[in-house]
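Small disclaimer: the values here were computed from a predicted structure and weren't measured. Atoms within each ligand, like the ligands themselves, are counted from 1 in listed order. Any value given below was found using the heavy atoms of this structure, including those in side chains, with hydrogens, waters and symmetry copies removed.
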Amino acid sequence: MAKRNDIAVDIKDILGKLTIEDLQIKGKRVFIRADFNVPLDDNMVITDDSRIRSTLPTINYAIDEGAKVILASHLGRPKGKVEPRFSLAPVVKRLQRLLNKEVLFVSDCVGPQAENIVSKMKEGDVVLLENLRFHPEEEKNDEAFAKSLAALADFFVNDAFGAAHRSHASTVGITKFLPSAAGFLMKKEIEYLKGVIENPVRPLVAILGGAKVSGKIGVLENLANKVDKVIVGGGMAFTFLKALGQEIGDSLVETEMIDLAKSIMEKLRRSNVKFYLPVDCVIAQTIEAGAETKIVTTQEIPRAWRALDIGPASVKLFSEALQNAKTVIWNGPMGVFEIDAFSRGTFAIAHAVTDAYALSIVGGGDTDYAVHKAGVSDSITFISTGGGASLQLLEGKNLPGISALTDKK
Ligand code: AMP
């Protein structure tokens with residue numbers, strides 16, 4: 001399997017905002033908002049540190065430039081209270097290992113202790129502040145709280161793409177008080193999820209899946225006049241099949257979306273975008289491991305049975321549609337991939353995407369998890385670190401965390 005890094009992608013300066021490279025950070029205090037919202041097991045051990053790793057280029061750059069590096073993040077949903085199980089303490093240890101240098105941990109992100117430690121920092125020092133969401137003011141985008149965060153630094157750098165769709169004190173409020181720039185991860189996310197889609201190497205194929213049409217409708221509408229082909233799998237496909245008049249048994253359907261599904265198919269047809277739906281599926285009567293399963297065509301789903309994965313004929317059809325792709329954007333699994341019996345379609349499409357020898361972009365969340373489980377994550381060109389934020393970008397919407405950054409002159 002080849003990783004397609006050699007397609008010439010003409011990415012214009014789509015960001016239009018300052019980046020960390022535009023700032024004179026030597027000897028200055030730089031507040032870097034990162035997304036260290038990593039999964040932890042019951043023993044507070046980090047089970048996947050890719051979010052920490054993805055922001056290392058920004059942190060290392062700041063260290064190498066001689067900045068005083070102040071790192072801040074949220075973790076989980078402590079709902080404005082101090083909750084030890086949401087402490088960033090495990091992140092400190094991992095960061096020290098990855099950076100190969102000492103990282104000082106401050107047990108509160110604002111207040112005298114933080115101010116005192118920061119005032120003693122030397123060039124190249126790194127400090128990590130405790131979970132921002134231990135303060136209710138963070139999610140309320142409270143101005144006084146944002147000002148206290150800003151008081152710690154000379155510059156603000158946002159590298160937390162996963163939180164860029166939120167208007168919080170550490171993503172938006174703080175930008176009112178400091179010159180504010182994007183980090184390298186933030187820039188890369190925008191370049192891939194916006195730049196490549198706006199100016200793709202064609203054919204551009206979108207693969208959409210997941211539970212519901214309603215969750216992806218904005219993406220479909222935005223991509224409809226940009227892509228050459230759309231492949232739809234997962235639970236959402238059955239609302240489209242229903243709209244085409246097929247009986248879909250007990251499969252997931254959003255009745256209120258049927259008319260919209262019809263108009264989208266009509267819009268795609270008028271724009272000459274090829275549209276692919278599953279032709280067969282794996283069905284069961286219950287969504288559980290060990291349930292009896294059958295493979296049937298999508299025209300022959302019995303009444304009490306529900307479609308929980310695409311079948312082998314659909315895999316073949318979708319794989320053929322992907323074969324000449326030069327750019328692929330994928331968001332949403334093809335079935336209930338969390339259960340082995342319904343995971344084959346998603347994994348087969350993961351392989352088809354990497355076999356296509358196309359520049360491949362995977363939206364975050366479930367699809368990220370699926371390509372890892374399929375063992376092909378190393379062959380994907382770019383995997384977004386943000387679920388909600390990447391969806392919002394693919395819907396063609398602006399992200400508050402990016403809009404708030406200082407414009408590039
Ligand atoms: P989303 O968050 O909309 O991308 O949906 C992801 C979820 O969709 C996953 O947890 C899958 O288990 C679920 N899903 C995918 N295909 C189906 C299906 N055919 N029926 C029910 N749920 C599905």
Less than 3.5 Å apart, N/O on ligand 1 and N/O on the protein: could you list those pairs with the distances?
residue: ligand 1; atom: 3 (O); partner: A211; partner atom: N; Å: 3.3
residue: ligand 1; atom: 4 (O); partner: K216; partner atom: NZ; Å: 2.9
residue: ligand 1; atom: 5 (O); partner: A211; partner atom: N; Å: 3.0
residue: ligand 1; atom: 8 (O); partner: A211; partner atom: N; Å: 3.1
residue: ligand 1; atom: 10 (O); partner: E338; partner atom: OE2; Å: 2.4
residue: ligand 1; atom: 12 (O); partner: E338; partner atom: OE1; Å: 2.7
residue: ligand 1; atom: 12 (O); partner: E338; partner atom: OE2; Å: 3.3
residue: ligand 1; atom: 16 (N); partner: G235; partner atom: N; Å: 3.1
residue: ligand 1; atom: 19 (N); partner: G235; partner atom: N; Å: 3.4
residue: ligand 1; atom: 19 (N); partner: A307; partner atom: O; Å: 3.0

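The side chain to side chain contact (heavy atoms under 4.5 Å, CB included) test applied to N60 returns L56, I63, L99, not counting sequence neighbours. A search for side-chain hydrogen bond (donor to acceptor under 3.5 Å, both in side chains) contacts involving N100 returns nothing, not counting sequence neighbours.
More than 12 heavy atoms of other residues, nucleotides or ligands sit less than 6.0 Å from atom NZ of K17.
For D108 and H135, the side-chain atoms include at least one donor-acceptor pair closer than 3.5 Å.
The backbone N or O of P84 lies less than 3.5 Å from no partner atom in the side chain of S87, so there is not a single donor-acceptor pair.
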Output side-chain donor-acceptor pairs under 3.5 Å for residues 334-345, partner residues at least two apart or in another chain, one line each.
residue: S343; atom: OG; partner: D340; partner atom: O; Å: 2.7

